[in-house]
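The analysis underlying the following values was restricted to heavy atoms, covering all of them including side chains, and did not include hydrogens, waters or symmetry mates. Quick caveat, the model's predicted, so the values are computed rather than measured.
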Amino acid sequence: MAIHLPAAPPEAIDALRNHLFSLLAQAAPVGLSRVVPVYSAGAQDVIDERLLDAARLTAWRTIVSKEGASIAAAEVGIDMSLSQIDEGRLVAGMVEAVRQAEERFADDNRDYELRLLRIPAVYTVALWLHAGDADVLMPVAPAARALRANDSYGADAFTAALRPLAESALREPDIT
């Protein structure tokens with residue numbers, strides 16, 4: 001099996017490079033990982049059990065590294081503007097989740113496309129390994145309390161685990 005990334009639009013790669021290298025000029029030299037597509041879905045998508053079907057491409061993400069260590073993640077939205085830069089636990093969590101996915105699925109005979117799935121209403125980010133006949137979701141640490149980071153879930157089990165959190169999120173919206 002291979003975990004591969006879909007080809008990112010050249011303008012996404014250029015936008016990430018341009019935004020990041022001007023921001024990180026003091027930290028140079030830095031490296032950028034290959035660009036990962038980011039999909040987003042909402043709490044209602046979880047409740048309606050259409051999470052993956054409803055997920056929409058919203059950004060392109062890269063990991064910024066220096067001297068072999070991951071130091072940040074950056075995203076450009078589909079409009080190619082810089083939408084966020086993250087540091088800390090979520091960056092390390094994503095790197096570890098990818099490492100574990102590559103290891104765990106090395107002997108699988110499917111070819112998976114690597115995606116990132118974000119469900120902000122339930123504070124969840126997961127690797128989404130998509131193949132024509134299978135989808136595997138691996139929560140990125142720190143994971144929502146209903147899930148275990150880096151465990152593999154089918155779409156149904158993943159959705160079922162998040163359903164109570166999604167129902168709560170819609171009952172009691174975050175007002176921050």
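How far CD of Gln44 is from CG of Leu170: 5.5 Å, rounded to the nearest 0.5 Å. With rounding to the nearest 0.5 angstrom, the CD1 atom of Ile119 is 8.0 Å from the CG atom of Leu137. Here the CD1 atom belonging to Ile47 is positioned 10.0 Å from the CD atom belonging to Glu49, to the nearest 0.5 angstrom. To the nearest 0.5 Å, the span separating CG on Asp111 from NE2 on His130 amounts to 11.5 Å. Annotation: the span from Ile85 atom CD1 to Ile71 atom CD1 amounts to 10.0 Å, rounded to 0.5 Å.
For Asp86 and Arg61, the salt-bridge test passes: some basic side-chain N is under 4.0 Å from an acidic carboxylate O. Electrostatic pairing of Arg89 and Glu96 does not count as a salt bridge here, judged by no charged N lying under 4.0 Å from a carboxylate O.
Taking the side chain as every heavy atom from C-beta outward, Leu129 and Phe105 approach each other to under 4.5 Å.
The environment of Asp156 atom CG is sparse: at most 12 non-hydrogen atoms of other residues, nucleotides or ligands sit within 6.0 angstrom. With a 6.0 Å radius and a threshold of 12 heavy atoms from other residues, nucleotides or ligands, Arg50 has its CZ atom above the threshold.
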Checklist entry - Under the side chain to side chain donor-acceptor pair (under 3.5 Å) criterion, do Ser65 and Ser70 qualify, and how do the steps go? => result CA-CA 4 Å; Ser65 61; Ser70 301; 6.0 Å; no
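A side-chain N or O of Ser152 and one of Arg104 form a donor-acceptor pair less than 3.5 Å apart.
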